[in-house]
*Asks:* 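Pasting a structure below so you can have a look.
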Amino acid sequence: MTARKTQRFAVVAVLACVAVFGWIAQGWAYEVWVTNQDDHTVSIIDTETNKVIATITPGGKKPHNVAFSHDGAYAFVANVGTNDVNMVETKNRKAVETFPAGTRAHGPAVTPDGAQLWVANPGSNDVTIIDLKLRKTIDTIPVGKAPALVVFDPKGTRAYISNGGSGDLSVIDVKSRKITKTIEAGKGAMGTDITWDGKLLLVTAGDVDRIDVIDAISDKVKKRIARQGEPHGLVVSPDGKRAYVASRKANVVSVIDLKSLKIVKEIPAGKRIDIVTITPDGRRLYVTSRDTNSVIAIDTATAKVVAEIPVGKDPHGIGTLPAGHH
């Protein structure tokens, strides 16, 4: 890396830290955005009060998942019904752009440098890459079958795509946008996250009832953790010590200790729970409960449900503003 690139990376890192810690300094001043598929809306929850403070209609059909720019200025809502992504200003909560994506646009993710939006499209078996400065698609990368989510390593050099249909992970070099490796995972590979140090990558495999833990340095499977009940959504805590997994049929959030790689606690929550997010301070989990049209708030210190928040119909995706809990 050249001196100029190193300096640029350092500036981006400092600005990201300032943005996140500025929010943290406000205490519980976070927002949780929830995509309601049957209402075609997004509910916005204030984590201080655990109440919905706004409901917006970005414009797409069946909004599925949501991601945020690192400065918190924009939300990106992927719509499986209209095969596109709505770009929403978080301050005024208005859509400012709509990006075409692949079939059944599912999982959006912003690159660590904030320059691009990657969207996994399970209906067309590819990933759409959008340049956020130019606001246009610059590439489409074929991957495995039914890609669900995109996660980047902390340095932004590699992207991991969970392919539920083919039961594997496509590893993509972000700079060249070429697949460099395919890692075997279980059928139904979906929920994916990586520790802040980039050492452990976790992915749920709901069709075979397990969570795979992968050494992200060697790309070798470190452990397969059995969990009956279709594990689906997954998030790693900001300190990298634990992972939280929502199981759709079991209706529990499993807590995995990332040192022992064992499930250490099960938290009953909701009905047909799906996607889980965590606040940047690591103190609260929020998980969508589809059959109760609600979001379950969990205190991570006590492992207790502290609120059930009514939202729209068929809530699925969920994300915390500011983004970037690592």
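All values derive from a computational prediction rather than experimental measurement.
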*Asks:* Could you tell me if the side chain of Val110 sits less than 4.5 Å from the side chain of His70, heavy atoms only?
*Replies:*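 His70 vs Val110: side chains touch.
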*Asks:* List the steps and the verdict of side-chain hydrogen bond (donor to acceptor under 3.5 Å, both in side chains) for Asn163 and Ser170.
*Replies:* CA-CA 7 Å; Asn163 302 306; Ser170 298; 2.9 Å; yes
*Asks:* What is the minimum heavy-atom distance between Ser247 and Pro231, and which atoms define it?
*Replies:*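 Scanning both residues, the minimum pair turns out to be OG-CA, 3.5 Å.
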*Asks:* Is a donor from one side chain sitting under 3.5 angstrom from an acceptor on the other, for Asp126 and Thr140?
*Replies:*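 Side chains of Asp126 and Thr140: no pair found under 3.5 Å.
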*Asks:* Between Lys187 and Asp168 (salt bridge meaning N to carboxylate O under 4.0 Å), is one present in this structure?
*Replies:*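 Not counted as a salt bridge, because no side-chain N and carboxylate O are separated by less than 4.0 Å.
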*Asks:* Looking only at non-hydrogen atoms, find the nearest pair between His232 and Thr204 and report the distance.
*Replies:*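 Answer, listing the atom of His232 first, then Thr204: O-OG1, 2.7 Å.
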*Asks:* Could you tell me whether the side chain of Tyr160 reaches within less than 4.5 Å of the side chain of Phe152, counting heavy atoms only?
*Replies:*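 Counting from C-beta outward, Phe152 and Tyr160 never come under 4.5 Å.
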*Asks:* Is any side-chain heavy atom of Lys313 closer than 4.5 Å to a side-chain heavy atom of Gln37?
*Replies:*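 Heavy-atom side-chain distance check fails, nothing below 4.5 Å.
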*Asks:* Could you check whether Arg93 makes a cation-pi contact with Tyr74, meaning its NZ or CZ is under 6.0 Å from the centre of the six-membered ring and within 45° of the ring axis?
*Replies:*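 That pair does not qualify as a cation-pi contact.
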*Asks:* What residue among Thr82, Asp84, Asn86, Asn79 forms side chain to side chain donor-acceptor pair (under 3.5 Å) with Thr98?
*Replies:*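 That would be Asn86; it is the only one of Thr82, Asp84, Asn86, Asn79 passing the side chain to side chain donor-acceptor pair (under 3.5 Å) with Thr98.
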*Asks:* Are any of the side-chain nitrogens in Lys304 or Asp299 under 4.0 Å away from the carboxylate oxygens of its partner?
*Replies:*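 Looking at Asp299 together with Lys304, the answer is no, because their closest N to O distance does not fall below 4.0 Å.
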*Asks:* Consider only side-chain N and O atoms of Arg242 and Tyr244, and report whether a donor and an acceptor are under 3.5 Å apart.
*Replies:*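 Arg242 vs Tyr244: no donor-acceptor pair found between side chains.
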*Asks:* Is Lys94 salt-bridged to Glu89, going by a charged N under 4.0 Å from an acidic O?
*Replies:*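 No.
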*Asks:* Determine whether Val236 and Leu258 make a side-chain contact, defined as any pair of heavy atoms from C-beta on separated by less than 4.5 Å.
*Replies:*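 Result yes, sub-4.5 Å side-chain heavy-atom pair found.
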*Asks:* Do NZ/NE/NH1/NH2 and the carboxylate oxygens of Asp274 and Arg248 come within less than 4.0 Å?
*Replies:*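 Looking at Asp274 and Arg248, the cut-off is met.
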*Asks:* So, Asn65 versus Thr35: side-chain donor-acceptor pair below 3.5 Å or not?
*Replies:*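 The answer is no; no qualifying pair exists.
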*Asks:* Has the side chain of Asp215 got a donor or acceptor atom that lies under 3.5 Å from a matching backbone atom of Asp219?
*Replies:*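 The answer is no, because no donor-acceptor pair under 3.5 Å joins these two groups.
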*Asks:* Tell me whether Asp212 is salt-bridged to Arg224, with the criterion being a basic N under 4.0 Å from an acidic carboxylate O.
*Replies:*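 Arg224 and Asp212: salt-bridged.
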*Asks:* Heavy-atom distance under 4.5 Å between the side chains of Val203 and Asp193, does that happen here?
*Replies:*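 Not touching, per the 4.5 Å side-chain cut-off.
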*Asks:* Considering all heavy atoms of both residues, which atom of Lys181 and which atom of Ser218 are nearest to each other, and what is their separation?
*Replies:*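 Looking at all heavy atoms of both residues, the closest pair is NZ-O, 4.4 Å.
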*Asks:* Do Glu31 and Asp46 have side-chain heavy atoms sitting under 4.5 Å apart?
*Replies:*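 No. Closest side-chain heavy atoms not under 4.5 Å.
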*Asks:* Taking the basic N atoms (NZ, or NE/NH1/NH2) and the acidic carboxylate oxygens, is any pair closer than 4.0 Å for Glu48 and Arg283?
*Replies:*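 Looking at Glu48 and Arg283, the cut-off is not met.
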*Asks:* Looking only at non-hydrogen atoms, find the nearest pair between Thr300 and Gly282 and report the distance.
*Replies:*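 Scanning both residues completely, I find the closest heavy atoms to be OG1-O, 2.7 Å.
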*Asks:* If you look at every heavy atom in Pro154 and Pro112, which pair is closest and at what distance?
*Replies:*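 Looking at all heavy atoms of both residues, the closest pair is O-CB, 4.0 Å.
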*Asks:* Answer with yes or no whether the side chains of Asn83 and Thr103 bring together a donor and an acceptor at under 3.5 Å.
*Replies:*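 No - no donor-acceptor pair under 3.5 Å links their side chains.
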*Asks:* Whether Arg272 and Glu230 form a salt bridge (side-chain N of Lys/Arg under 4.0 Å from carboxylate O of Asp/Glu) is what I want to check.
*Replies:*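 No, no charged N to carboxylate O under 4.0 Å.
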*Asks:* Report yes if some heavy atom in the side chain of Phe76 is under 4.5 Å from a heavy atom in the side chain of Val88; otherwise report no.
*Replies:*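 Heavy-atom side-chain distance check fails, nothing below 4.5 Å.
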*Asks:* Would you tell me whether Asn121 and Thr128 have side-chain atoms, one donor and one acceptor, within less than 3.5 Å of each other?
*Replies:*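 Asn121 vs Thr128: donor-acceptor pair found between side chains.
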*Asks:* Report yes or no: do Asn50 and Tyr286 form a side-chain donor-acceptor pair below 3.5 Å?
*Replies:*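 Yes.
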*Asks:* Which atom pair, heavy atoms only, marks the closest approach of Lys223 to Leu261?
*Replies:*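 Looking at all heavy atoms of both residues, the closest pair is NZ-O, 3.1 Å.
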*Asks:* Decide, yes or no, whether a salt bridge links Glu266 with Arg227 under the criterion of side-chain N to carboxylate O below 4.0 Å.
*Replies:*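 Arg227 and Glu266: salt-bridged.
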*Asks:* Go through the steps to decide whether Asp173 and Thr180 satisfy the test side-chain hydrogen bond (donor to acceptor under 3.5 Å, both in side chains), and finish with yes or no.
*Replies:* CA-CA 6 Å; Asp173 178 85; Thr180 59; over 6 Å; no
*Asks:* When you compare the side chain of Val306 with that of Ile298, does any pair of heavy atoms fall below 4.5 Å?
*Replies:*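 No, side chains not in contact.
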*Asks:* Looking at Arg290 and Asp314, is there a salt bridge between them, counting it only when a charged N and a carboxylate O are closer than 4.0 Å?
*Replies:*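 Yes, this pair counts.
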